Every structure is written in C-alpha cells, then in structure tokens.
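Below is one structure, written out as structure tokens, with a few remarks after it.
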Amino acid sequence: MKNNYLKYILFFTLSVILVFIDQITKRIAYVNLFNKEPYAVVDNVLYFVYVENKGAAFGILQNQFSLFLILTILVLLIIIIALYKLKLSRNNVLYYVFLLLIFSGAIGNFIDRVKNRYVVDFIYFKPIDFPVFNFADILITCGCLIMLYIIIFTKKDDI
C-alpha cells in the first residue's frame, strides 16, 4: 500500500519538475528570441530560434486545436490508467520512466496549446535541417524510444 502512494508521489513530483523546466525554457526562449535573429549556440550546428507551432510534430496538422486537445487528454488518461496498473518494481523502471516522460512532455505542450493556441519551439539542429522543437518534444521522443526498446527487447512477463 505504501509503495502505491510512493509510485504516484514520485511520478507527479518528477512530472511537475519536468513541466516546470519545459515552461521556463519556453519563457526564456520567448524573452530572448521573439522577433530576433536565430542565436547560434554552435555555428552551423545548433541554433535557438523562436517558432510558434500551431501543428504537431514537424508542423503537420496545422490549426487542429480541438483535435490536439482531445488526443492529449486521451493520451494522459491512458498513461494514468497504465500507471495505476503498473506495479512498482525494478523490472518496471523503464516502463515507469517512459510513462513519466511522455506524460510530462504532453502536459508541457498541452499548457502551451491551452494558453497560447500554439506550442513554442526554439531548438533547431541545422546539419539535418531537423524541424524546430522544444524540451517537451525531447521528453516525448525519449519516452517513445524507451517504449520502443521495451516492445522490442523485453518479455511481456517482465512487465
């Protein structure tokens, strides 16, 4: 029983911290980059540039505000249900982390969509001309990579 409360306390505390980092980096990006030239962190490699993204990953589905709200709420509910069913053990640490990262990233971008009707992106990786992204996108991507690892390399009995 005590382990169960610890699972939720740890999950939501870490999520609040990650969402705070996401929101503060977006605020810093707005203050320092809005209506300004891109800032070269590493010339011809990494830039900070302010972008208002009204779509999803890579700018797809522009201006689909209602769709994003519904999908985000659905994803968050699925994650909360999965967290409820998850037994806290060493075998499930990766599962727990992947849920935490996707949940936190989704909340970070959800806050932007509700507050601004767009997501603030500001990290641009030039060598591969990758779309501009943010900290929440990094969390979601890392969470998805962990989920992919779990699907490919773990036995269902381990979860």
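Everything quoted here is computed from the prediction, not taken from an experiment.
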What I'd like to find out is whether the side chain of [X] reaches to under 4.5 Å of the side chain of [Y], using heavy atoms alone.
X	Y	answer
Val45	Lys126	no
Ile123	Asn134	no
Asn109	Thr72	no
Arg117	Glu52	no
Phe103	Ile107	yes

**Message:** Apply side-chain contact (heavy atoms from CB on, under 4.5 Å) to residues Tyr30 and Val120 and explain how you reach the verdict.
**Reply:** CA-CA 8 Å; Tyr30 176 79; Val120 173; 5.5 Å; no

Hphob cluster co-occupancy, [X] + [Y], side-chain heavy atoms under 4.5 angstrom:
X	Y	result
Ile78	Val75	no
Phe125	Ile140	no
Phe20	Phe135	no
Phe12	Phe98	yes
Leu74	Phe110	no

Reported [atom1]-to-[atom2] distance for the pair [X] and [Y], which is rounded to 0.5 angstrom:
X	Y	atom1	atom2	answer
Ser104	Ile138	OG	CD1	13.5 Å
Tyr39	Leu46	OH	CG	10.0 Å
Asn116	Lys54	CG	NZ	10.0 Å
Leu100	Ile17	CG	CD1	9.5 Å
Thr141	Ile146	OG1	CD1	11.0 Å
Leu14	Leu101	CG	CG	9.5 Å

**Item:** Derivation of the side-chain contact (heavy atoms from CB on, under 4.5 Å) call for Ile102 and Ile79
**Value:** CA-CA 8 Å; Ile102 293 175; Ile79 290 172; 3.6 Å; yes

**Message:** Using the rule given for ring pair (Phe, Tyr, Trp, His ring centres under 6.0 Å), can you reason through Phe122 versus Tyr50, listing the C-alpha separation, both sets of side-chain angles and the distance that settles it, and then say yes or no?
**Reply:** CA-CA 5 Å; Phe122 60 92; Tyr50 181 83; 8.9 Å; no

**Message:** Tell me if a side-chain donor or acceptor on Asn92 pairs with a main-chain N or O of Lys87 at a distance below 3.5 Å.
**Reply:**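 Answer holds: yes.
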
**Asked** So Phe130 and Phe133, would you call those rings parallel, tilted or perpendicular, with 30° and 60° as cut-offs?
**Response** perpendicular

**Prompt:** Do you know which two heavy atoms are closest between Leu83 and Lys7, and how far apart they sit?
**Reply:**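 Closest heavy-atom pair between Leu83 and Lys7: O-NZ, 2.8 Å.
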
**Request:** May I have the step-by-step check of side-chain contact (heavy atoms from CB on, under 4.5 Å) for Leu148 and Cys144, ending in yes or no?
**Result:** CA-CA 6 Å; Leu148 190 60; Cys144 288; over 6 Å; no

**Request:** Sequence neighbours left out, what pairs pass salt bridge (Lys or Arg N to Asp or Glu O under 4.0 Å) with at least one residue falling in residues 13-35?
**Result:**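 Listed once each, the pairs are Asp22-Lys26, Lys26-Asp112.
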
**Prompt:** Remaining members of Val132's ILVMFWY cluster at a side-chain heavy-atom cut-off under 4.5 Å?
**Reply:** Tyr47, Val49, Val51, Tyr124

